[in-house]
Each structure stands twice: as structure tokens, then as C-alpha cells.
Amino acid sequence: QVQLVESGGGLVQPGDSLRLSCAASGRTASDYHMGWFRQAPGKEREFVASITWSGGTTDYTDSVKGRFTISRDNAKNTVYLQMNSLKPEDTAVYYCTAGGWGRNKHAYRYWGQGTQVTVSS
């Protein structure tokens, strides 16, 4: 069992930056590939980024490439999502996930409770 707790969300203006953190606990959390999804009101939960357990491979949805960076610190059992040049369309609840791979939300086993990111002027 792996527990995931996100933090770092908030209200920012367009063009600002935020860094989300996801603290993982439980059995061998550092062994899992991990990812970030987001869900805007009235929309499906969508893939944002993922990273392998070693951090050697990452994947991003096209809309965030060049603006977001996923990274991990296995010594701290923490995954980060650095979000730069934020846009209003990035507004959503961001969820950390583990225990799967790919862009399909059904492939992941563990989920955090989510953290709200709001981008508005």
C-alpha cells in the first residue's frame, strides 16, 4: 500500500509559477513509477506528466511540454511538478498517482487527494 499526499497548489496569475509536491509513504514507494493528472470542472481527469522510478524517463502531455517539469527525489520519497508560465487553462485539481505507467488513468493503482491550482487574473 502506498499513500500519496499532494501540496503546493494555490491561486496564481497567468505567467506565474508553482511547484507541486507529492509525498509518498508506504512500502517501497521509491520503486513505483509516478505521475500527475489533473481534472478541471466538468471535464475528465487527464494525464499531465509521468516519471519512471529511477527518474530516467519522463513523459508529458503536449499542452504542458516546455512549461512543466516532473522530477523526483527518492531519498525523500517525493515527486515534484514544476509549473512555469501558467495559463488559465491549467486551472484544475492536480492529482498525484503511482503504481502504473502511461497516459491512461485506469492504469494507476494509487491516488492522492488532489490539490487545487487556479490561474486567474
Under 3.5 Å, is there a donor-acceptor pair linking the side chains of T78 and D73? no
Closest non-hydrogen atoms of V2 and A24, given as atom of the first, atom of the second and distance, are CG1-CB, 4.4 Å
Rounded distance [0.5 Å steps], CG in L81 versus SG in C96: 9.5 Å
Residue pairs involving residues 49-58 (criterion side-chain hydrogen bond (donor to acceptor under 3.5 Å, both in side chains); sequence neighbours excluded): none
Hey, any chance F47 and Y94 share a hydrophobic cluster, counting ILVMFWY side chains that come within less than 4.5 Å of each other, even indirectly? no
Between D90 and R67, which heavy-atom pair has the shortest distance, and what is it? OD2-NH1, 2.8 Å
State the OG-CD distance between S25 and Q3, to the nearest 0.5 angstrom. 4.0 Å
Value rounded to 0.5 Å, distance of CH2 in W111 from OG1 in T97: 4.0 Å
Roughly how far, to the nearest 0.5 Å, is the CD atom of E89 from the OG atom of S63? 8.5 Å
Under 4.5 Å between any side-chain heavy atoms of M34 and L4, yes or no? yes
Nearest non-hydrogen partners of N84 and S17, listed with the distance: OD1-OG, 2.9 Å
In terms of heavy-atom contacts, does NZ of K65 have more than 12 from other residues, nucleotides or ligands at under 6.0 Å? yes
Find out whether T118 and V12 are in side-chain contact, i.e. whether some heavy atom of one side chain is under 4.5 Å from a heavy atom of the other. no
Indicate yes or no for a side-chain donor-acceptor contact from T61 to the backbone of V48 under 3.5 Å, with no hydrogens or angles considered. no
Could you walk me through whether M83 and R19 pass the side-chain contact (heavy atoms from CB on, under 4.5 Å) check? CA-CA 6 Å; M83 305 186 295; R19 188 177 79 158; over 6 Å; no
Q82 CD to F68 CZ distance, which is reported to the nearest 0.5 Å: 9.5 Å
Under 3.5 Å: donor-acceptor pair, side chain of Y60, backbone of I70: yes
Rounded at 0.5 Å granularity, tell me how far OH in Y80 sits from OG in S7. 9.0 Å
Taking all non-hydrogen atoms of both residues into account, name the closest pair between S21 and W36 and its distance. O-CH2, 3.7 Å
Heavy-atom pair with the smallest gap, counting every atom of H33 and W101: CB-CE3, 3.7 Å
Is a donor on one side and an acceptor on the other found under 3.5 Å between the side chain of T91 and the backbone of V119? yes
Member of E46, E6, E44 meeting the salt bridge (Lys or Arg N to Asp or Glu O under 4.0 Å) criterion with R38: E46
Using side-chain heavy atoms (C-beta onward) and a distance below 4.5 Å, is P88 in contact with P14? yes
Is it true that V117 and V79 fall in one hydrophobic cluster, defined by side-chain heavy atoms closer than 4.5 Å? yes
T115 side chain to G9 backbone, donor-acceptor under 3.5 Å: yes
Whether Y108 side chain and G102 backbone form a donor-acceptor pair below 3.5 Å: yes
Run the ring-centre check on F37 versus Y95 and record whether the distance is less than 6.0 Å. no
